[in-house]
J.: 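Handing you this structure, nothing more for now.
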Amino acid sequence: MKTKYAFLLLLIISSLTLLPFLGEALFYSKGEPREAIVAVSMLQSGNWILPISNGDMIPYKPPFMAWCIAAVSLPWGHVTEYTSRLPSAIALIALVMWTFMFYVKRAGKGRALLTAFLLLTSFEVYRAGFACRVDMLLTLFTVGAIYSLYAYWERGMKGIPLVAILMMTGAFLTKGPVGVALPCGVMGLFMLLRGERFWKVLGLLTLWAIVSCLIPAAWYAAAFQQGGEQFRELMMEENVGRMTGNMSYESHVNPWHYNVMTLVAGFLPYTLLLLFSLAVVFRHYRFHKPADGFIKSFFRLEPVTMLSLVAAVAIFLFYCIPASKRSVYLLPMYPFTAFFIAGYIQYLANVSKRTIKVYSSVICVAAILLFGVFLLLQCGDFPYSRLSGKHALENALYVTALSQHFPFIKWIIAEIPVVLAIIFFIKLRRMSGYSALGWCIAVTVTLYWAFAGVYQPTVLNTKSDKRIATALAELQPEGNLYAYTADYNTRFYGVNYYLDDRLKSIATAPEGDSGYMIITVDDGKTYLPENASKYDFYLLKHFRTRSCDLRRQVLLLKFTPKK
């Protein structure tokens, strides 16, 4: 296959895997609506620097993600789940294509194409491409900056690395200074290991880092002018406190080995293949020990291989430093790690096609079993009495949702991986290792179609807080609605999004006003007695399923001032 056809195939598959399904799932966690509501407030207020949402909150992150959401939402006139996730999806498609083009010039078409497919279908990357969060956009800019600085190094570090500067500028405006520090640190280390002079490397990378900070500095100045001390304290906490572990609240505090576990889980389903091949690895290193030591072997690596190793290790170690750790922080190392996994899978396809066939068979069996469970639920005979525990109601809702009638097109989407899996087993005996791998990737991709188009949104829509917003909107179609949360940093982001940013803190309600409010059952035990002398409260609805924002049951109340 010619490179241009491989590029086109990859582009079509990436687009079909992501773009059709972005709007299927409602917002079901606090992270997505928290980002989307910033774009909503931008469009409503016209303030594209530091908009206020939820009545009194400024954004936690720089504005590039919100700018992208607002820009793609303009043709629709409002922010939707689809437009909110579109920037992340486009970023992932761009990252996959850029990764392919970066490696195809330096490592060959076969390995580059496999690397790109592994990147697209690794669960952590795929999930981030579907999320209205800053992480995939930051990953594109960070990895793109590394790719561009590597090309700059190949040119002898002559001229201005304009693309790298733009990438680092975008990264800074997406997440903060880490978007400049990380690619410069990775490339600086790589250049020094390749024998470049220290002062030359330091001087040039410092210069381009400073240039990359010019536009973000202008935004920070404008935002400080609007937000003042509140903005300064928030930025210090997010950018400095998160790294040093001195935040005023705990945010994803985990030990260093958490990163190991999330990386292993993030590369599913391919970590299963690595597990199945342990015997092959053992035989190889038992009878074919490397002649040179590790250090000599490292410095004999091809430049692109050394870059990939340095980038993967450096990014991993960098994110072991802060106390705050999330699986998505490691996303910039996934393209470089996928490059090595792709090389290893090529090796397996050549020396142990049985391992590839066993792994592919497991994936195909999983596809068939998943569809089988779906068919059983469609029969409507699920024994609900077997569901027990504190989350029995929510689990029953998941089962009921999967038991509903589905449109014909969704049945087709759910059946495609099963059909491919059956064909795979029919042809398995005569397959080579590479053929089995190709069929396995096809089944994996179509499984993601079924996951995103049928199974995931059906289940997750039962968790959405849109039901709470709908109940409030029916009571009061216009005007402010209110909420109370004991923790200032925690809000009903999903409810507020579906109410078009009409949900305000009860503390901002005008004196003597009446209205409607929501509060968790736990917070109500304290807040309602403390304010009984100020308001009369009337319970209108008790939502028995937990709010996806606060993970608690919610009360819908009417409040009127005491006479």
J.: Answer yes or no: is there a donor N or O on one side and an acceptor on the other, between the side chain of R85 and the main chain of L22, under 3.5 Å?
T.: yes

J.: For the backbone of G179 and the side chain of T142, can you confirm whether one donor and one acceptor N or O come within less than 3.5 Å of each other?
T.: no

J.: Under the side-chain hydrogen bond (donor to acceptor under 3.5 Å, both in side chains) rule, what do Y103 and S308 come out as? Steps first, then yes or no, please.
T.: CA-CA 10 Å; Y103 282 115; S308 301; 2.7 Å; yes

J.: I'd like to know if the side chain of Y152 reaches the main chain of M157, judged simply by a donor and an acceptor atom lying under 3.5 Å from each other, with no hydrogens or angles considered.
T.: yes

J.: Can you check whether V459's main-chain N or O pairs, donor with acceptor, with T462's side chain at less than 3.5 Å?
T.: yes

J.: State, with a plain yes or no, whether a side-chain heavy atom of I441 is found less than 4.5 Å away from one of L118.
T.: no

J.: So F27 and V495, do their side chains get closer than 4.5 Å, heavy atoms only?
T.: no

J.: Please determine if R106 and E154 form a salt bridge, counting it only when a charged side-chain N lies under 4.0 Å from a carboxylate O.
T.: yes

J.: Determine yes or no for a side-chain-to-main-chain donor-acceptor pair under 3.5 angstrom, with K463 supplying the side chain and Y28 the backbone.
T.: no

J.: Could you tell me if the side chain of R326 sits less than 4.5 Å from the side chain of D135, heavy atoms only?
T.: yes

J.: Establish, yes or no, whether a centroid distance under 6.0 Å links the rings of F130 and Y126.
T.: yes

J.: Without swapping roles, check the side chain of S352 against the backbone of L348 for a donor-acceptor pair under 3.5 Å.
T.: no

J.: List the steps and the verdict of side chain to side chain contact (heavy atoms under 4.5 Å, CB included) for L10 and M97.
T.: CA-CA 7 Å; L10 184 61; M97 304 313 299; 3.8 Å; yes

J.: Return the CE to CG distance between M167 and L149, rounded to the nearest 0.5 Å.
T.: 11.0 Å

J.: Which atom names give the shortest non-hydrogen contact between S84 and V79, and what distance separates them?
T.: OG-CG1, 3.1 Å

J.: Taking the six-membered ring where the residue is Trp, are the ring centres of Y329 and Y258 under 6.0 Å apart?
T.: no

J.: Determine whether more than 12 heavy atoms belonging to other residues, nucleotides or ligands lie under 6.0 Å from atom CD of E302.
T.: no

J.: Side chains of T444 and Y270: is there a donor and an acceptor less than 3.5 Å apart?
T.: no

J.: What closest approach, in Å, do L331 and A128 show between heavy atoms, and which atom pair accounts for it?
T.: CD1-CB, 3.6 Å

J.: Could you give the distance from CZ (F117) to OG1 (T121), rounded to the nearest 0.5 Å?
T.: 8.5 Å

J.: Using the ring of F339 (Phe, Tyr or Trp, six-membered ring only), decide whether R111 places NZ or CZ under 6.0 Å from its centre and within 45 degrees of its axis.
T.: yes

J.: Has T485 got a side-chain atom pairing as donor or acceptor with T490's backbone, closer than 3.5 angstrom?
T.: yes

J.: Assess whether atom CZ of R551 is packed by more than 12 heavy atoms of other residues, nucleotides or ligands within 6.0 Å.
T.: yes

J.: Going through the distances and angles, do F298 and L193 end up as a side chain to side chain contact (heavy atoms under 4.5 Å, CB included)?
T.: CA-CA 10 Å; F298 174 77; L193 290 170; 3.8 Å; yes

J.: Counting C-beta onward and ignoring hydrogens, is there a side-chain heavy-atom pair between F318 and V178 closer than 4.5 Å?
T.: yes

J.: Give the minimum heavy-atom separation between A342 and T115, together with the two atoms involved.
T.: CB-OG1, 3.3 Å

J.: Look up atom CZ in F492 and atom OG in S547, then write down how far apart they are to the nearest 0.5 Å.
T.: 5.5 Å

J.: Could you walk me through whether D523 and D487 pass the side chain to side chain contact (heavy atoms under 4.5 Å, CB included) test, one step at a time?
T.: CA-CA 10 Å; D523 285 345; D487 182 1; over 6 Å; no

J.: For the backbone of D465 and the side chain of D549, can you confirm whether one donor and one acceptor N or O come within less than 3.5 Å of each other?
T.: no

J.: Answer yes if the ring centres of Y334 and F267 are under 6.0 angstrom apart, and no otherwise.
T.: yes

J.: If you compare all heavy atoms of S53 against all heavy atoms of S41, which two are closest, and at what distance to 0.1 Å?
T.: CB-OG, 4.0 Å

J.: Any side-chain to backbone donor/acceptor pair from S88 onto R133? Under 3.5 Å, distance only.
T.: yes

J.: Output yes when a side-chain donor or acceptor of N461 lies under 3.5 Å from a complementary backbone atom of L26, and no otherwise.
T.: yes

J.: Give me the ring orientation class for Y448 and F123: parallel if the planes are under 30° apart, tilted from 30 to 60°, perpendicular past 60°.
T.: parallel

J.: Would you say K357 has more than 12 foreign heavy atoms packed within less than 6.0 Å of its NZ?
T.: yes

J.: Roughly how far, to the nearest 0.5 Å, is the CD atom of E32 from the OH atom of Y493?
T.: 14.5 Å

J.: Testing the basics here: between W98 and L140, what is the closest heavy-atom pair and its distance to 0.1 Å?
T.: CE3-CD1, 4.2 Å

J.: Minimum heavy-atom separation for I215 and T169, please, with both atom names.
T.: CB-CG2, 4.0 Å

J.: Taking atom CZ as the centre, does R354 end up with more than 12 heavy-atom neighbours from other residues, nucleotides or ligands that are less than 6.0 angstrom away?
T.: no

J.: Please report the interatomic distance CD(E196) to CE(M187), rounded to the nearest 0.5 Å.
T.: 9.5 Å

J.: Below 4.5 Å, heavy atoms only, C-beta onward: do L137 and F141 meet side chain to side chain?
T.: yes

J.: Heavy-atom distance under 4.5 Å between the side chains of E124 and T262, does that happen here?
T.: no

J.: Hey, what do you get for OH (Y150) to CZ (F102), rounding to the nearest 0.5 Å?
T.: 6.0 Å

J.: How far apart are the C-alpha atoms of L263 and M333, what are their side-chain angles, what is the distance that settles it, and do they pass the side chain to side chain contact (heavy atoms under 4.5 Å, CB included) test?
T.: CA-CA 10 Å; L263 188 63; M333 70 178 289; 3.8 Å; yes

J.: Under 6.0 Å from the NZ atom of K105, do we count more than 12 heavy atoms belonging to anything else shown?
T.: no

J.: Do I93 and V96 come within less than 4.5 Å of each other through their side chains, counting heavy atoms only?
T.: no

J.: Quick one: does R491's side chain get under 4.5 Å of N496's, heavy atoms only?
T.: no

